[in-house]
Amino acid sequence: MKLFLKTIIYALIVVCLFTASLLLYKAHPEVQLAFIIPGIFILAYSIISDDLGVRQAIRSRQLRMFRDKE
């Protein structure tokens, strides 16, 4: 349940971030925003993937598959 709640919260954060970036870009279409907005999304992705442990789950599943084959 805790993982599900985190996933819902992060999904809402990403939607709000996307909406805010669209509104910001519409109001101020400067060149700097073309580089700042993707950077914010990359930062959000890295924080979310680290917090949810996505990489760790994939690695443990792969290690389990390799151990079973031997």
Who are the side-chain contact (heavy atoms from CB on, under 4.5 Å) partners of I42, not counting sequence neighbours? none

Which pair of heavy atoms, one from F41 and one from F18, lies closest together, and at what distance? CZ-CA, 3.6 Å

Treat each ILVMFWY residue as a node, draw an edge where side-chain heavy atoms are under 4.5 Å apart, and state whether L5 and V14 are in one component. yes

Could you walk me through whether I13 and I48 pass side chain to side chain contact (heavy atoms under 4.5 Å, CB included), step by step? CA-CA 10 Å; I13 289 172; I48 291 170; 5.8 Å; no

All side-chain contact (heavy atoms from CB on, under 4.5 Å) counterparts of I8, not counting sequence neighbours: F4, L12

Grouping ILVMFWY residues whenever side-chain heavy atoms fall under 4.5 Å, the cluster of I47 otherwise contains L43

